[in-house]
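Right, one structure below, let's go through it.
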Amino acid sequence: MSKFYVTTPIYYVTDKPHIGHAYTNTVADVIARWHRFIGDDVFFLTGTDEHGEKIQKAADAAGKPAQEFVDGLAAEYKRVWERLGISYDHFIRTSDKSHEEIVQKFVNRVYANGDIYKGSYEGWYCVSDETFFTDLQLKEGRCPDCGKEVKWIKEESYFFRLSKYQDRLLKYYEDNPGFLSPRTRSDEIKNRVRGGLKDISITRSEVEWGIRFPIDRGHTIYVWVDALLNYITALGWPGGTFGKFWPADIHVVGKEINWFHTVIWPALLFSSGIAPPLKVFAHGWWTVEGRKMSKSVGNVVDPVAMADKYSVDALRYFLIKEMPLGEDGDFSEKGLVARLNGELASDLGNLFYRVLTLAERFNGEIKGAPELEKELELDSIVEAMGKPDTFTALNLIFKFVGSANKYVNDKRPWSQEGDELSNSLYNLLEACRIIALLLGPFMPEASGKMMEQLGVRGGSLKDCSFGKFQGKVKKMGHLFNKVE
RNA sequence: AGCGGGGUAGGGUAGCCUGGAGUGCCCGCCGGGCUCAUAACCCGGAGAUCGGUGGUUCAAAUCCACCUCCCGCUACCA
């Protein structure tokens with residue numbers, strides 16, 4: 001049994017989770033469940049990022065102390081993940097005492113290695129957006145986002161010698177081609193790193209709501225450094241289960257935070273003598289009906305509302321099947337309904353329903369020779385999941401659903417009897433059993449219902465070959481209901 | 001501005017890295033089969049100068065150059 005450590009980003013808790021957060025966690029969850037399925041010892045981490053000025057402001061606006069404010073949102077995140085079937089093993093919060101202590105320990109070590117120095121941070125600052133901009137980013141000398149005036153601000157800060165790690169990062173990318181995933185994202189990062197790295201400011205003197213910088217307690221630690229460290233503080237670095245699970249096998253992230261995970265994070269780890277993660281997978285973004293999702297447009301999609309309306313499994317299925325992992329895609333309720341009605345109800349649900357009907361009418365012993373098994377591209381599914389390519393894997397499983405439907409049409413079991421009929425049913429029931437097993441990581445609830453109706457127990461990858469069908473079939477209605 | 005991604009039948013996509021007959025999938029359309037099943041399932045068909053131009057090659061959707069249009073990122077939006 002090998003270990004497998006998968007993480008999601010920790011989410012900045014200014015508001016409740018939307019469909020993008022749900023996507024990231026669903027992808028990570030499918031990966032985590034798959035690795036449990038193939039027998040790995042999995043540690044699946046998610047959590048919340050709770051420090052920083054924006055959160056302080058949001059708490060002020062809500063009229064609550066910061067800690068109370070983030071407590072409420074962290075609980076909300078947990079509720080959402082439970083609702084969406086996210087099988088995390090640990091939920092880390094950056095306001096956890098143990099996290100704060102470890103972050104300070106880590107920063108001390110980087111400092112002792114000579115990679116932190118005092119300097120000053122300056123740049124154009126937009127007060128209303130609370131954001132610094134470079135000369136290049138300004139539009140006609142004004143804020144590129146809101147168009148208001150910007151001020152030149154200079155602030156004392158401590159810096160991390162990111163520039164020192166340029167060559168080591170490039171070498172790491174070279175030696176570990178799978179680290180930057182998917183490929184389409186890797187050139188972008190390499191180009192930018194080749195273009196030169198600037199040291200980065202890692203403390204703030206104006207921000208109160210954060211972890212104290214141990215070298216100079218007038219500063220707090222920049223939230224990104226605080227946040228990135230969650231991946232090792234959750235393991236209890238340098239003790240705890242760190243030795244067992246580190247390095248992370250995969251950090252699942254959105255493409256917009258790829259830079260932090262593939263450049264700053266490994267550099268920080270290099271500085272403190274810790275191995276970098278094995279893979280950072282940057283997935284794409286969802287638009288909503290063709291438009292960028294944003295609060296101001298008012299098209300933010302609530303994943304819980306979708307799950308309530310169409311079922312958790314339909315939502316999970318749509319998120320994985322709608323776009324190749326790593327690409328961008330478009331979310332629409334119309335698209336979700338089309339996949340629910342057409343693929344889940346008509347193709348998959350109907351397959352189970354018709355097979356179960358035929359099987360229930362049959363009184364004899366279910367036996368036969370494997371005929372349908374050759375249509376199952378199990379090796380390709382395993383290979384895809386190893387990449388990971390959840391999109392291709394799910395497509396291959398559904399290709400097998402199609403093969404099973406075709407088998408019913410070709411064999412016409414309703415006009416068969418005796419051994420012939422038994423053989424057809426044998427093949428179909430075994431196909432259904434394996435489909436149920438393989439879909440477990442993607443649609444855990446439906447998978448459970450399929451097993452129950454087939455009267456078989458759960459299993460693992462090694463059970464995904466045609467054996468003797470030992471279930472007791474019991475039809476219990478449709479797996480998926482059509483909508484509208 | 002720099003960097004990255006994309007432009008494939010009516011719509012949506014996969015294929016592109018590792019070149020080999022436009023090959024595949026979904027929706028829609030036309031025709032047929034079946035009646036176990038959620039008007040579901042299966043088969044066949046129509047429909048594409050693979051954004052444009054030029055190049056490399058025996059061979060280009062695929063590699064290269066340029067052009068064009070769309071989108072994203074540029075160091076706190078999954």
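This is a predicted model, so every value here is computed, not measured.
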Legend entry - Nucleotide paired to B/U49 in any strand shown, Watson-Crick or G-U, under 3.5 Å: none
Inset, instruction - Could you check which nucleotide pairs with B/G28 in any of the strands shown, counting Watson-Crick or G-U wobble with both distances under 3.5 Å? - result: none
Legend entry - Salt-bridge criterion met for A/Glu445 and A/Lys449 (N-O under 4.0 Å): no
Inset, instruction - Mind checking A/Arg339 for me? I need base, sugar-phosphate or nothing, with any heavy atom below 4.0 Å counting as a touch. - result: nothing
Legend entry - Donor-acceptor contact below 3.5 Å, side chain A/Asp199 vs main chain A/Leu162: yes
Inset, instruction - Kindly say if A/Arg361 contacts the phosphate of B/A37, meaning a side-chain N or O under 4.0 Å from OP1 or OP2. - result: yes
Inset, instruction - Could you verify whether a donor N or O on one side chain and an acceptor N or O on the other, from A/Gln416 and A/Asn423, lie under 3.5 Å apart? - result: no
Inset, instruction - Answer yes or no: does a side-chain N or O of A/Tyr353 lie under 4.0 Å from OP1 or OP2 of B/U38? - result: yes
Inset, instruction - Check if the side chain of A/Asn350 and the base of B/A37 share a donor-acceptor pair of N or O atoms closer than 3.5 Å. - result: yes
Inset, instruction - Could you state the atom-to-atom distance from CG of A/Leu319 to P of B/A78 in whole Å? - result: 16 Å
Inset, instruction - Determine: side-chain N/O of A/Lys482 to OP1/OP2 of B/A40, distance under 4.0 Å, yes or no. - result: yes
Inset, instruction - Would you indicate what A/Pro324 reaches in the nucleic acid, counting non-hydrogen atoms under 4.0 angstrom: base, sugar-phosphate, or nothing? - result: sugar-phosphate
Legend entry - Euclidean distance, A/Glu343 CD relative to A/Leu340 CG, rounded to 0.5 Å: 10.0 Å
Inset, instruction - Write down the distance between CZ (A/Phe331) and P (B/G12), rounded to a whole number of angstrom. - result: 19 Å
Inset, instruction - Describe the nucleic acid contact of A/Tyr11 in one word from base, sugar-phosphate, nothing, applying a heavy-atom distance below 4.0 Å. - result: sugar-phosphate
Inset, instruction - Determine the interatomic distance between P on B/U49 and the same-named atom on B/C30; round to the nearest Å. - result: 23 Å
Legend entry - Lys/Arg-Asp/Glu bridge criterion (N-O < 4.0 Å) met for A/Arg79, A/Glu82: no
Inset, instruction - Select base, sugar-phosphate, or nothing to describe what A/Ala338 touches, counting heavy atoms under 4.0 Å on all strands. - result: nothing
Inset, instruction - For A/Trp414 and B/A40, give me the distance from atom CH2 to atom P, rounded to whole Å. - result: 17 Å
Legend entry - base_contact_polar (B/C41 base, A/Asn409 side chain, donor-acceptor, <3.5 Å): yes
Legend entry - Nearest-nucleotide 5' precedence on RNA chain B, A/Asn405 against A/Asn395: A/Asn395
Legend entry - Residue matched to B/G72 through Watson-Crick or wobble contacts both under 3.5 angstrom: B/C3
Inset, instruction - Tell me which of A/Leu162 and A/Val253 sits closer to the 5' end of RNA chain B, going by the nucleotide each one is nearest to. - result: A/Leu162
Inset, instruction - Scan A/Phe260 against the nucleic acid and name what it touches under 4.0 Å (heavy atoms): base, sugar-phosphate only, or nothing. - result: sugar-phosphate
Inset, instruction - Just call it for A/Leu351: base, sugar-phosphate, or nothing, with non-hydrogen atoms closer than 4.0 Å on any strand. - result: nothing
Legend entry - G-U wobble or Watson-Crick pairing nucleotide for B/C17 (cut-off 3.5 Å, both distances): none
Legend entry - Rounded distance (Å) that lies between atom P of B/U38 and atom CG of A/Leu348: 15 Å
